[in-house]
Amino acid sequence: MLLSRLAQVSQEVAATSARSRKTALLAELFREAEPDDVPVVIPYLAGRLPQGRIGVGWKVLGDPVPPAAGPSLTVREVDALLTRLAKVSGPGSQAERARLVGELLGASTEAEQRFLRGLLTGEVRQGALDAVAVEGLAQATGAASADVRRAVMLAGSLQPVAGALLADGPQALERFRLTVGRPVQPMLAHSASSVAEAVGKLGVCAVEEKLDGIRVQVHRDGDTVRVHTRTLDDITDRLPEVTEAARGLDVERFILDGEVISFDGTGRPRSFQETAGRVGSRVDVVTAARETPVSPVFFDALSVDGRDLLDLPFAERHAELARLVPEPMRVRRTLVDGPDDLEAAERFLAETLERGHEGVVVKGLQAPYSAGRRGASWLKVKPVHTLDLVVLAAEWGHGRRTGKLSNLHLGARTADGGFAMLGKTFKGMTDAMLEWQTGRLREIAVDESGHTVTVRPELVVEIAYDGLQRSSRYPAGVTLRFARVIRYREDKRPEEADTVETVLAAHPEVRP
DNA sequence: TTCCGACAGTGGGGTCGCAAT
DNA sequence: ATTGCGACCCCACTATCGGAA
């Protein structure tokens, strides 16, 4: 199959907003693909490379390359070149990658170049990723879409399912079962704004502490232990403590879901930055493990002793977990008897925050483990802080925000009467707000360089955020975590905005 | 007919490892 | 030795489509 066909379909998919039409377009293409093309065509149209990320970003892609006059590349040729490219490493590798990319782009038409650039940066922006590809695959093969989706969750990715389906038809889906050693997509949580709201929705429930660490799925089969992240990357080699803990349990075969986090000498959780730095260390694991030891803390059991627990109610899965894992290695929790028992839930949240954790997750006791879904039966509740900050500048947006000033630079007042930037945000804005702020900010613009417009510090905006973290980038030595706009405060003047001093005082645990 | 769940998009900050400077 | 890039952790929120209610 020619790459130009994929580029054309991708363009058509991007051009329609109807999901049903996107699905139909993908299904048509999947039916056209020859068996040998399938392992490439499917991930490409889902916006991903079969090789995963291969060290090519905007810099390696470089400046525009004159396009070829007509299409000639086949998808298999492209895949072969990218496979070679992914293996390039060592001195001179950046130039070699750039050379190979240049070769590829030079042989591509303009439409193909657009598609390839999107694919390589992970930004195809066609309004269709895995979920639409799954639907298209179901349509192309006559399989039930729910069955395809479930197989993909259990396989951990689309490709093996696609290959099996197109080769053997819908009955091939039966081969995809929960298997120890093969990671499945983890269940995710929705947000709720309060414990009352969460308990109101779920009724009788468990309230569990939410640890601010790294999500892990741990598989043990005898002496073999594998540890995977939320995106199913294998991080076993970086976390010897987790392997050891898994081997120490009495049962030999299981899949557990949990979090790894580092505790200090007094049992307080270290900051997310410290835990994440440790988990990210790959070179000198021994030293990293000595300086920042991590502990696995589990909250769910997917499989125990060969029994698949996914479809059991959470209450039963947790009973299995409690039999297998000793209490210190489990997340703290309390059972709540529904909205009449709200006090117990509130008290547990307060105690959890007191212990230095992030918040709680409220979980329905009847729900199965919805692999890969953001199930409505898990609701996270975290305290939200707010500040009134001053807009110092804004950046022009991309994609659907092209032509709109989008990303705001946020400042707090300093002692000398100036402002210190605490971070940026593009979140929380409605289309109407984007429209309004674009106009308003242009009125008070004083400078424009690159894609940043600097403005007079006159507009006050109310910002929600999850906490402070250390920063080497910003002048106050701290930055806001997950900042988002709530509303503009046209009733407030910049002199009434919050100061750096008050921000720091609100978070005594964080020091610049 | 209205409501709501699921998706995609739009980017934020930090840290690590590696290659280039 | 320092800097820049890319990958991958954490993530919130809005708009939209289309099936559920």
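Below, chains carry the letters A, B, ... as their sequence lines are ordered, and counting in each starts from 1.
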Within the structure, does a side-chain N or O atom of [X] lie under 4.0 Å from either OP1 or OP2 of [N]?
X       : N       : value
T425(A) : dG11(B) : no
R400(A) : dA15(C) : no
W58(A)  : dG6(C)  : yes
R125(A) : dG9(B)  : no
K22(A)  : dC17(C) : no
H398(A) : dG9(B)  : no
T479(A) : dG12(B) : no
S20(A)  : dG18(C) : yes
T229(A) : dC9(C)  : yes
R53(A)  : dC8(C)  : no
Q273(A) : dT15(B) : yes
K404(A) : dG11(B) : no
Y465(A) : dG13(B) : no

>> Quick check on DNA chain C: between D233(A) and L61(A), whose nearest nucleotide comes earlier from the 5' end?
In response: L61(A)

> Nearest nucleotide by nearest heavy atom, which residue falls closer to the 5' end of DNA chain C, K427(A) or A18(A)?
Replying inline: K427(A)

Among the candidates [options], find the nucleotide nearest to the side-chain atoms of [X].
X       : options                   : result
S471(A) : dG13(B), dA12(C), dA15(C) : dG13(B)
A131(A) : dC7(B), dA15(C), dG13(B)  : dC7(B)
Q469(A) : dG13(B), dC9(C), dA12(C)  : dG13(B)
R401(A) : dT10(B), dA6(B), dA12(C)  : dT10(B)
F426(A) : dA6(B), dC9(C), dA12(C)   : dA12(C)
K380(A) : dG12(B), dC16(B), dA12(C) : dA12(C)
L129(A) : dC9(C), dA6(B), dG9(B)    : dG9(B)
R230(A) : dT10(B), dT16(C), dC10(C) : dC10(C)

To the nearest Å, give me how far apart [atom1] ([X]) and [atom2] ([N]) are.
X       : N       : atom1 : atom2 : result
F482(A) : dC9(C)  : CZ    : C1'   : 10 Å
L49(A)  : dC8(C)  : CG    : P     : 11 Å
R97(A)  : dA20(B) : CZ    : P     : 8 Å
I214(A) : dA7(C)  : CD1   : P     : 18 Å
E123(A) : dG9(B)  : CD    : P     : 10 Å
H451(A) : dG11(B) : NE2   : P     : 10 Å
R117(A) : dG6(C)  : CZ    : P     : 12 Å
E259(A) : dC10(C) : CD    : P     : 7 Å

Using a heavy-atom cut-off of under 4.0 Å over every strand shown, decide if [X] touches base, sugar-phosphate, or nothing.
X       : result
K201(A) : nothing
G213(A) : sugar-phosphate
I54(A)  : sugar-phosphate
V279(A) : nothing
S406(A) : sugar-phosphate
Q126(A) : sugar-phosphate
V56(A)  : sugar-phosphate
A464(A) : nothing

> Using the benzene-type ring in the case of Trp, are the ring centres of H409(A) and F419(A) under 6.0 Å apart?
Replying inline: no

Taking atom types as modelled, is there a side-chain donor on [X] or [Y] under 3.5 Å from an acceptor on the other?
X       : Y       : answer
E274(A) : S271(A) : yes
T499(A) : R413(A) : no
E448(A) : W396(A) : yes
D257(A) : Y369(A) : yes

>> I want to confirm an ordering. Mapping S89(A) and D130(A) to their closest nucleotides on DNA chain B, which one lands closer to the 5' end?
In response: D130(A)

> For dC7(B), what is the paired nucleotide under Watson-Crick or G-U wobble rules, both distances under 3.5 Å?
Replying inline: none

> What class does the angle between the rings of Y465(A) and H385(A) fall in, given that below 30° is parallel, 30 to 60° is tilted and above 60° is perpendicular?
Replying inline: tilted

>> Let's see if you get this right: which residues in residues 282-297 of chain A place a heavy atom under 4.0 Å from DNA chain B?
In response: R282(A), V283(A)

>> If the test is salt bridge (Lys or Arg N to Asp or Glu O under 4.0 Å), which one of R400(A), R401(A), K404(A) qualifies with D431(A)?
In response: R400(A)

> How far apart are the C-alpha atoms of V78(A) and F115(A), what are their side-chain angles, what is the distance that settles it, and do they pass the side-chain contact (heavy atoms from CB on, under 4.5 Å) test?
Replying inline: CA-CA 12 Å; V78(A) 174; F115(A) 181 65; over 6 Å; no

> Y488(A) ring centre to R440(A) NZ or CZ under 6.0 Å, with the angle to the axis within 45°?
Replying inline: no

>> For L154(A) and L310(A): C-alpha separation, side-chain torsions, deciding distance, then whether side-chain contact (heavy atoms from CB on, under 4.5 Å) applies.
In response: CA-CA 10 Å; L154(A) 294 175; L310(A) 290 180; 3.6 Å; yes

> After noting the C-alpha distance and the side-chain angles of F298(A) and D300(A), does the key distance pass the side-chain contact (heavy atoms from CB on, under 4.5 Å) rule?
Replying inline: CA-CA 6 Å; F298(A) 297 106; D300(A) 213 323; over 6 Å; no

